[in-house]
Number of protein chains: 4
Amino acid sequence: MLQLDLRSPVPIYDQIKAGLRGLVARGILRPGDAAPSIRSLAAQLKVNPNTVARAFRELTLEGFLESRRGDGSLIAEGAARHAKDGLSEVRAGLKDALLRARRAGLAWGDVDSLVRESRKEEA
Amino acid sequence: MLQLDLRSPVPIYDQIKAGLRGLVARGILRPGDAAPSIRSLAAQLKVNPNTVARAFRELTLEGFLESRRGDGSLIAEGAARHAKDGLSEVRAGLKDALLRARRAGLAWGDVDSLVRESRKEEA
Amino acid sequence: MLQLDLRSPVPIYDQIKAGLRGLVARGILRPGDAAPSIRSLAAQLKVNPNTVARAFRELTLEGFLESRRGDGSLIAEGAARHAKDGLSEVRAGLKDALLRARRAGLAWGDVDSLVRESRKEEA
Amino acid sequence: MLQLDLRSPVPIYDQIKAGLRGLVARGILRPGDAAPSIRSLAAQLKVNPNTVARAFRELTLEGFLESRRGDGSLIAEGAARHAKDGLSEVRAGLKDALLRARRAGLAWGDVDSLVRESRKEEA
DNA sequence: GTGGTCTAGACCACC
DNA sequence: GTGGTCTAGACCACG
């Protein structure tokens, strides 16, 4: 349901944040649904609960989650929009990668073919 | 001539390395040309000279630069190939970013528009 | 009749307790009156009945409520005094909040305008 | 320079955040100044560095601090405005306290006299 | 059971 | 030296 790449330089808590937003963006979780509990998600991902807690805390501050004391968290009402036109961190990451690639001398043509290639592999 | 993103999680010295390789990949600097001096580059980028020095040191070890005792560095003969190798790393990084973005729920259409947007901003 | 702020760090059962005391302090409920039933209040506040039950339990222990086996609770005779005692607690809390706000750099003028603002919003 | 109340129900990291904003609001620290290092502040406050780090992290996300990798943090340019018209958390806390006080039955007149009283004591 | 805070200590990368 | 991430484990309050 949610996958991590522990080798990635991207912080685990960021991957968790992106993953949850992805579940909403793809319609697997919907506003009003209960989010998995911090502890259960931590166990499932084999990660320290604090790490998951940090992701949840930030998502709550951002208004993507609502935490109910002693009764778990749920996907906030605005989460769908948040996940959709938001995805801001992911977009920022991609844009950053694009920018660096350009600065490193990658031509736009190369970028285009790389995108096409990835698209093909996925299908 | 060379731009940094101080907020990026990518190390500054890595950005400098990639930037110099990019200048060669784009033909702005050529093998045999003088590289900017560490001090002047540091001043221009408003960065600690140590940071630039580290980038130069590593580029020299990699054979991309040649240092002339007391007389700065110059772009090595094999620099063009090095710049190309750098490009494959960059491609790999971009591809990875794309994968994560997709996992996070970003649609291909979003990717396309993001690319268009970056292209536009650059122009 | 009784309003909660689910986002507040203040426990819900405490808000309920304070709210009931407030209703008495303001003369809306009087000693001898029937208190709302736990279930109806829980439904109205969209809160777990356990939470309301806890508030009632504590209020009963404090002598603010009297429970009639199988017939709900009623406002105790001494409730008015209890409500007044509650007020001093509230005052202390407010004073503390003021102190912290001042330490944090809030000017007295800001405090004044904040009070005016709250007053306005309430009306 | 910065005082904590470990007995307060207000989280330490929140007190630290408020304290730093207060130092800027009062002009003791200015935009561009170096903020104390996480470790030194932790030592001075006799608190775990992680706790200070959390405060710093949030302040950075909010744009009040800028962190320079390996070179400490500094007060961001927008910090003064942030601290001044912001102070948002403190104001929110005060407003919350006011709201609860009102719901608990405290009259506006009581609020006013309480404010006057605090003001007098401080002077 | 839940989320939240805090401590302690390790490790990393950067300057 | 700096900030950042992660783990481990304790404790608290709430539902």
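Numbers restart at 1 for each chain; the letters A, B, ... are given by sequence-line order, proteins then strands.
Taking atom CG on A:Asn48 and atom P on F:dA10, their separation rounds to 13 Å, with Å as the unit. Computed from coordinates, the A:Ile38 CD1 to F:dC12 P distance equals 19 Å when rounded to whole Å. The nearest whole Å value for the distance from the CD1 atom in D:Ile16 to the P atom in F:dG3 is 13 Å. Between A:Glu58 atom CD and E:dG3 atom P the separation is 16 Å, expressed in whole Å. As a whole-Å value, the separation of D:Leu65 CG from F:dT2 P is 15 Å. Atoms CZ (D:Arg68) and C1' (E:dC15) sit 12 Å apart, rounded to a whole Å. Here the C1' atom of nucleotide E:dG1 and the CG atom of A:Leu41 are 16 Å apart, to the nearest Å. Remark: P of E:dT5 and CG of D:Leu6 are 16 Å apart, rounded to the nearest angstrom.
A salt bridge does not link B:Glu62 to B:Arg57: none of the charged side-chain nitrogens sits closer than 4.0 Å to a carboxylate oxygen.
Residue contacts for D:Ser73: at a heavy-atom cut-off of 4.0 Å it reaches the sugar-phosphate backbone alone, with no base atom in range. Using a 4.0 Å heavy-atom cutoff across all strands shown, D:Arg39 reaches at least one base atom of the nucleic acid. Residue B:Val47 is out of contact with every strand shown, counting any heavy-atom pair closer than 4.0 Å. When heavy atoms are screened at a 4.0 angstrom cut-off, B:Asn50 is found touching no nucleic acid atom at all.
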Check: Can B:Leu74 and B:Leu65 be said to form a side-chain contact (heavy atoms from CB on, under 4.5 Å), step by step?
Finding: CA-CA 6 Å; B:Leu74 47 79; B:Leu65 290 180; over 6 Å; no
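Nearest nucleotide to the side chain of D:Thr51, out of E:dC6, F:dC6, F:dA8: E:dC6. Between E:dG4, F:dT5, E:dT5, one nucleotide has an atom nearer to the side chain of A:Arg54 than all others, and that is F:dT5.
Counting only Watson-Crick and G-U wobble pairs whose two key distances fall under 3.5 Å, DNA chain E forms stems of three or more stacked pairs at E:1-14 with F:1-14.
The ring pair (Phe, Tyr, Trp, His ring centres under 6.0 Å) contacts involving residues 33-80 of chain D comprise D:Phe64-D:His82, where partners must be two or more places apart or lie in separate chains.
When all heavy atoms of A:Leu45 and A:Leu2 are compared, the pair lying nearest together is CD2-O, 3.5 Å.
A distance of 11.5 Å separates CG in C:Leu106 from CZ in D:Arg26, rounded to the nearest 0.5 Å. Taken to the nearest 0.5 Å, the CD atom of B:Gln3 stands 12.0 Å off from the CZ atom of A:Arg102. In this structure, C:Asn48 CG and A:Arg68 CZ are separated by 11.0 Å, a value rounded to the nearest 0.5 Å.
Projected onto DNA chain E by closest heavy-atom contact, A:Arg57 and A:Gly72 fall at different nucleotides, the more 5' of which corresponds to A:Gly72. Both C:Val10 and D:Ala53 sit near DNA chain F, but only D:Ala53 has its closest nucleotide nearer the 5' end. Comparing D:Ser37 and C:Ile12 by the nucleotide of DNA chain F whose heavy atom lies nearest to each, the residue mapping closer to the 5' end is D:Ser37.
Dashed line: the shortest gap from a side-chain N or O of D:Tyr13 to OP1 or OP2 of E:dT5 is under 4.0 Å.
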